[in-house]
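See below for the structure under consideration.
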Amino acid sequence: MVLEGAQMERTEEELQQMIQEKLQRVENISHNISLSREQTSQDLQQSEQIFSSLMAHLQKVQEEVVEQIQRTQEQAEHRAHSLVSQLQQEVKELQRNRQELELLRKSQDHLHLVQCFSTLTLPAPALGCSMPIHTDPSLGTVRTAVARLEQEVQKILRLLCEQELERMQKYAVDVTFDPHTANPWLVLSEDRRRVWDGDQEQVLEQRPERFDIAPCVLGDKGFTSRRHYWEVEVGGKTAWDVGVARGSVSRTGMVTLSPDDGYWTVCLRRGREYWACAEAMLLPLCPPYPRVLALFLDHEQGHVSFYDVEAREHLYSYTGFRFTEALFPFFNPETSSSGGDNTAPLVIRTTRILQR
């Protein structure tokens, strides 16, 4: 009876502990919901302010364009009326000269005819009479106004991107390379944060998780839920692939970088061509090109986003995917060319650097 009583007491304590843990989880979830609602309210308020500001700016620019176009038209009409008046005056003078010439032609006094003919003068042609009155200046006015709007939108986008990056850095994770997945031609630094082409194949243990042909390597952590953020230094290279890959991707032979094959990546080729490998989409980037990339994985929402850290600009996002397995950070430093212009390593920034 004593043993049974002690066992029942332990069971009761365990049940009470489980109840407390469940209640604590409920409290945490409720607290997170409150925080989420508060953040959503702030985001809605900010979005309303941004779009209201944009609409007000758009209205102001539109009014300025209308006023400028109308003013240009009025000035063109004024010049046209002045030109018409001058031409009409010249026509009158020409008609008067013609009448005088007709009278002189009928005169029998040849000396008088010569003297009078020499005094006849033709009016000077009207200045600009051959110039067009309207040369479609409105198109340039509208184009200039739209360019101003574009600059305003770009300014807002940079501000939003900066705020977005600041929020994402809360989800920073400490990523290093997994040496068991690295292609034998790749060299990893001792701290497993730098990778480059070693120009010769190493004798390594053959493993099913190792890339045997493609010069690729995965991160040491796979993510099956939540949000994760890390940064990669890519400056000084002319070719690379960076992104995430499913844990089940084939490590044999060459790889095809597409979501259908388990890869969500951005690539650099020839030092200036940036590609999103979802649809072989060329990204419209201009110098200065990115030196540090930020990657943000939202596993539950099915998003993978890429950012230029220094320029604080969004580069590309894969959205609307359903991730059903672990995703690993993916890296390909590409081979060093014969000219040696792609020998710089890919470098994973440390968590300490991310915490600004």
Side-chain angles (χ1 to χ4, degrees), residues 165 168-183 185-197 207-211 214-235 237 239-251 255-259 261-268 274-278 290-309 314-319 321 323-334 344-355:
L165 281 172
M168 290 177 181
Q169 286 168 359
K170 297 185 301 184
Y171 305 100
V173 290
D174 192 17
V175 175
T176 58
F177 299 116
D178 180 359
H180 296 153
T181 66
N183 179 280
W185 288 79
L186 298 182
V187 178
L188 304 183
S189 62
E190 186 175 350
D191 62 0
R192 295 187 295 166
R193 295 188 184 277
R194 306 165 73 90
V195 60
W196 64 93
D197 175 23
R207 292 172 169 267
E209 63 266 34
R210 189 183 304 282
F211 289 93
C216 304
V217 60
L218 297 181
D220 62 335
K221 295 184 179 71
F223 306 116
T224 58
S225 63
R226 301 184 180 180
R227 298 168 177 173
H228 309 276
Y229 174 97
W230 62 98
E231 293 181 358
V232 184
E233 296 181 12
V234 297
K237 296 187 65 62
W240 46 258
D241 306 332
V242 172
V244 298
R246 284 199 298 256
S248 61
V249 294
S250 174
R251 320 294 170 87
V255 301
T256 302
L257 298 180
S258 72
D261 294 285
Y263 296 91
W264 291 263
T265 64
V266 165
C267 309
L268 171 66
Y274 292 83
W275 297 85
C277 298
R291 295 179 54 83
V292 181
L293 290 185
L295 287 84
F296 179 70
L297 167 65
D298 190 332
H299 196 286
E300 296 171 2
Q301 293 297 322
H303 297 171
V304 181
S305 298
F306 300 81
Y307 299 83
D308 181 341
V309 174
H314 171 259
L315 301 179
Y316 188 79
S317 287
Y318 294 92
T319 60
F321 288 89
F323 300 138
T324 58
E325 60 179 276
L327 296 180
F328 289 78
F330 170 81
F331 310 88
N332 174 11
E334 278 294 344
L346 288 177
V347 182
I348 303 175
R349 287 195 167 187
T350 64
T351 303
R352 178 180 58 81
I353 294 177
L354 295 179
Q355 293 175 346

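Since the model is a prediction, treat every value here as computed from it, not as a measurement.
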| remark: For Arg246, the salt bridge (Lys or Arg N to Asp or Glu O under 4.0 Å) test, sequence neighbours excluded, returns Glu325

| remark: Those residues at least two apart in sequence (or on a different chain) that pass side-chain contact (heavy atoms from CB on, under 4.5 Å) with Thr319 are His303, Ser317

| query | What is the minimum heavy-atom distance between Cys277 and Pro259, and which atoms define it? | reply | O-CD, 4.2 Å

| field | Audit row: Arg210, Arg251, side chain to side chain contact (heavy atoms under 4.5 Å, CB included) steps and yes/no | value | CA-CA 6 Å; Arg210 189 183 304 282; Arg251 320 294 170 87; 5.9 Å; no

| message | So, using side-chain hydrogen bond (donor to acceptor under 3.5 Å, both in side chains) as the criterion, who are the partners of Asn183 when residues are at least two apart? | response | none

| Quick one: does Lys221's side chain have a donor or acceptor within less than 3.5 Å of a partner on Asp174's backbone? | yes

| message | Which heavy atom of Ser250 sits nearest to which heavy atom of Val255, and what is that distance? | response | O-CG1, 4.3 Å

| message | Using every non-hydrogen atom in the two residues, find where Trp230 and Gly243 come nearest and quote the distance to one decimal. | response | CZ2-O, 4.2 Å

| request: May I ask you to decide if the ring planes of Tyr316 and Tyr318 are parallel, tilted or perpendicular, using 30° and 60° as cut-offs? | output: perpendicular

| task | Before giving the answer on salt bridge (Lys or Arg N to Asp or Glu O under 4.0 Å), spell out for Glu233 and Arg291 the whole-Å C-alpha distance, their side-chain angles and the decisive distance to 0.1 Å. | result | CA-CA 6 Å; Glu233 296 181 12; Arg291 295 179 54 83; over 6 Å; no

| task | Assert yes or no for the condition that the ring centre distance of Phe331 to Phe177 is strictly below 6.0 Å. | result | yes

| task | For His228, check side-chain hydrogen bond (donor to acceptor under 3.5 Å, both in side chains) against everything at least two apart and list the hits. | result | none

| query | Do Val292 and Val232 have side-chain heavy atoms sitting under 4.5 Å apart? | reply | no

| field | Residues which pass side-chain contact (heavy atoms from CB on, under 4.5 Å) with Thr176, listed by chain and number, not counting sequence neighbours | value | Arg192, Arg193, Asp220

| said: For a quick test of reading the model, state the closest non-hydrogen atom pair linking Phe328 to Gly219 and the distance between them. | reply: CD2-O, 3.5 Å

| message | For Glu300, give me all partners under salt bridge (Lys or Arg N to Asp or Glu O under 4.0 Å), at least two apart in sequence or on another chain. | response | none

| Non-hydrogen side-chain atoms of Tyr307 and Leu165 separated by less than 4.5 Å | yes

| field | Residues forming a ring pair (Phe, Tyr, Trp, His ring centres under 6.0 Å) with Phe306, sequence neighbours excluded | value | none

| query | For Gln301, which residues count as a side-chain hydrogen bond (donor to acceptor under 3.5 Å, both in side chains) partner, sequence neighbours excluded? | reply | none

| task | Kindly write out the residues that satisfy side-chain hydrogen bond (donor to acceptor under 3.5 Å, both in side chains) with Asp298, not counting sequence neighbours, or none if the list is empty. | result | Arg227

| Considering all heavy atoms, the nearest Val244-Thr265 contact | O-CG2, 4.4 Å

| Phe211: what forms a ring pair (Phe, Tyr, Trp, His ring centres under 6.0 Å) with it, not counting sequence neighbours? | none

| message | Please enumerate all residues that pass side-chain contact (heavy atoms from CB on, under 4.5 Å) together with Ala344, with sequence neighbours excluded. | response | Lys237

| said: Please find the pair of heavy atoms, one from Trp240 and one from Val266, that lie closest to each other, and give the distance. | reply: CZ3-O, 3.2 Å

| query | Would a distance-only check, ignoring hydrogens and angles, find a side-chain to backbone donor-acceptor pair under 3.5 Å from Thr181 to Leu218? | reply | yes

| query | Looking at Pro345, Pro215, Pro179, which hits side-chain contact (heavy atoms from CB on, under 4.5 Å) with Leu186? | reply | Pro215

| field | Side-chain heavy-atom pair Glu334, Asp241 within 4.5 angstrom cut-off | value | yes

| Ser258 side chain near Tyr263 side chain, heavy-atom distance below 4.5 Å | no

| note | By salt bridge (Lys or Arg N to Asp or Glu O under 4.0 Å), Arg226 pairs with (sequence neighbours left out) none

| field | CA sep, side-chain torsions, deciding dist, call: Trp264, Phe321, ring pair (Phe, Tyr, Trp, His ring centres under 6.0 Å) | value | CA-CA 10 Å; Trp264 291 263; Phe321 288 89; 5.7 Å; yes

